[in-house]
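Note that ligands are numbered from 1 as they come in the structure, with each ligand's atoms numbered from 1 the same way. On a predicted model such as this, the values are computed, not experimentally measured, just so you know.
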Amino acid sequence: MQRLVNKRVLLGVSGGIAAYKSAELVRRLRDAGAEVRVVMTQAAREFITPLTLQALSGHPVHGDLLDPAAEAAMGHIELARWADLVLIAPATADLMARLAQGRGDDLLTTLVLASDAPLAIAPAMNQAMWRDQATQANLDLLQGRGVRVFGPGAGEQACGDVGPGRMLDPSEIALLASDCFERGLLTGKHVLINAGPTREAIDPVRYISNHSSGKMGFALAEAAAEAGARVTLVAGPVNLTTPPRVTRVDVTSALEMQAACEAALPADLFIASAAVADYRPVACAPNKLKKEPHGNHGMTLELVPNPDILAGIASHALRPWCVGFAAETHDVLSYAADKLKRKNLDMIIANDVSAPGIGFNSDDNAVTLIDRSLQQQQLPMASKNQLARQIIGHIASRLGTVEATHHH
Ligand code: C5P
């Protein structure tokens, strides 16, 4: 079921008595981590209300092809592109016939035509209708086109008949839906990433901060989500949009960032890419500080050290696999290796911020990965997005071997 994490399932519901089971199916899919949007045929609405499925899916239910309000919110082409899987449950005999013919006479069939996502159907109908030659011919056609068919099961039917045509149980359908997806490198893992600068308030209008853009951390969050992980991204003040399928928690100060990271545990992997301010003013003045008492004499600001968020989390008994960053201007590798030991990390990512065109605010970066055994892996200059995918790949392969050794 872990393969459903972060996956977008477009659930089509057609008009059969089994439509009442679709409510349970929405829950199962969401419990497994999928995002679900529901499309109902006109007939389905005679069996179960859109309101029920809207409440369970957390999104308005789509019904009409020509509904201007729905089209404005998410047009049908957009919805078709959004889906990672189109799942129709229940699929009636009529719906199978319309799919087989390639019709687009309502929203659901139009979406199926417009979507490149895999299509799966869970047929549900009376046993005689299921056995009918026309239905069987449609089934062959659909299977021949690569449509996955879940069930139907056999047994007692709503009409009193006994035989094939019962829709599978929602839990079975959810499991088969998850089998439609490949396992990602980080499927089933919870990844915690922090990113960006922190701001340490001096008074209500002033603060101490740094130039971190947060780009590397956001790129890592996106790459981890692409690899199938559930991702929590704790972000300082940055000007970046949240990558798809990532849960973002916004914070301002180092203390807030620490609290948010600790609250997001347990995690399998923690990547600390944030540029946490090392010091903060001993207290934030309640009112804007005035220049007058100091005049031309200068003023002294008393600072106290901030906690080391990464070292703190790396010292927990049930700690995630911990990755830190070391932005250095000279003796990059020896400082980085030193930091790895001091903070008890599993890996440190060293980057030379003195080199032109890489580091803090730029779109490119070049880094060296150093692990506990001080083995080095150089990743040459690339965009932060490309680099993030490579870094996630390297980390995932180490995480994998760690678990394999634990199991044996
Ligand atoms: O010691 P230095 O700040 O160079 O270490 C950098 C690494 O430690 C980064 O991964 C950074 O996110 C983390 N760090 C932290 N809390 C701090 C300072 C740094 O988590 N207060």
Side-chain angles (χ1 to χ4, degrees), residues 191-201 207-221 224 231-238 240 248-265 267 269-282 303-316 319-355 358-361 365 367-372 379 384 387-388 391-392 394-395 398:
V191 176
L192 171 63
I193 299 176
N194 67 14
T198 65
R199 265 182 203 169
E200 312 300 326
Y207 56 80
I208 299 173
S209 192
N210 59 62
H211 286 299
S212 167
S213 66
K215 282 177 191 164
M216 195 65 230
F218 274 60
L220 285 164
V231 182
T232 307
L233 175 61
V234 176
V238 294
L240 296 171
R248 172 172 175 177
V249 182
D250 284 313
V251 296
T252 306
S253 67
L255 290 178
E256 282 172 24
M257 184 174 274
Q258 181 185 40
C261 289
E262 294 278 353
L265 296 175
L269 168 64
F270 175 40
I271 307 179
S273 76
V276 184
D278 289 322
Y279 296 91
R280 67 176 183 276
V282 63
L303 302 178
V304 291
N306 269 325
D308 191 306
I309 300 171
L310 176 57
I313 288 180
S315 70
H316 290 346
R319 68 201 276 285
W321 211 80
C322 289
V323 180
F325 271 80
E328 309 287 349
T329 51
H330 57 282
D331 292 332
V332 177
L333 296 182
S334 68
Y335 277 119
D338 191 54
K339 228 162 257 184
L340 174 109
K341 286 228 176 71
R342 189 158 34 84
K343 301 195 190 208
N344 186 29
L345 308 180
D346 298 288
M347 179 185 280
I348 194 139
I349 303 176
N351 66 332
D352 183 348
V353 286
S354 71
I358 68 173
F360 261 23
N361 211 351
N365 208 350
V367 299
T368 305
L369 311 184
I370 307 174
D371 67 14
R372 263 179 193 277
L379 305 182
K384 285 184 176 172
L387 212 55
I391 291 172
I392 289 296
H394 281 285
I395 293 174
R398 315 279 167 112

Return yes or no for this condition: an N or O of K339 is under 3.5 Å from an N or O of ligand 1.
-> yes

Test item, A274 contacting ligand 1 (heavy atom, 4.0 angstrom) = yes

Closest to atom 15 (C) of ligand 1 by heavy-atom distance, out of I348, I349, D308, is D308

Of all the atoms in ligand 1, which lie at a distance below 4.0 Å from a heavy atom belonging to G324?
-> 10 (O)

Proximity to ligand 1 by part of P307, non-hydrogen separation under 4.0 Å = backbone

Separation between CD1 of I348 and CG of D338, rounded to the nearest 0.5 Å | 9.0 Å

The reported gap from CD1 in I313 to NZ in K343 (rounded to nearest 0.5 angstrom) is 12.0 Å

Nearest neighbour in protein (non-hydrogen) for atom 20 (O) of ligand 1 = L310 N, 2.8 Å

Atom 9 (C) of ligand 1 [closest protein heavy-atom partner, distance rounded to 0.1 Å] = F325 O, 3.2 Å

dist I271:CD1 -> W321:CH2 (nearest 0.5 Å) comes out at 9.0 Å

For K343, is at least one N or O under 3.5 Å away from an N or O on ligand 1?
-> yes

Hey, does V323 come in under 3.5 Å of ligand 1, counting only N/O atoms on both sides?
-> no

Could you give me the CA-CA distance, side-chain angles and deciding distance for N306 and E200, then say whether side chain to side chain contact (heavy atoms under 4.5 Å, CB included) is met?
-> CA-CA 10 Å; N306 269 325; E200 312 300 326; 3.5 Å; yes

Run the salt-bridge test on D346 and R319 with the 4.0 Å N-O cut-off and return the result as yes or no.
-> yes

Atom CZ of F325: over 12 foreign heavy atoms under 6.0 Å = yes

In Å and rounded to the nearest 0.5 Å, what is the CG to OG distance from L310 to S273?
-> 10.5 Å

Nitrogen or oxygen atoms of A311 and ligand 1 under 3.5 Å apart | no

Flag A326 as yes when one of its N or O atoms lies below 3.5 Å from any N or O atom of ligand 1, and as no otherwise.
-> no

Among protein heavy atoms, which lies nearest atom 16 (N) of ligand 1, and at what distance?
-> I309 N, 3.0 Å

To the nearest 0.5 Å, how far apart are CG in N365 and CG in N351?
-> 4.5 Å

To the nearest 0.5 Å, how far apart are OG in S253 and CZ in R199?
-> 11.5 Å

Atom 10 (O) of ligand 1 sits nearest the protein heavy atom A272 O, 2.6 Å

May I ask you to check if ligand 1 and V276 share an N or O to N or O distance below 3.5 Å?
-> no

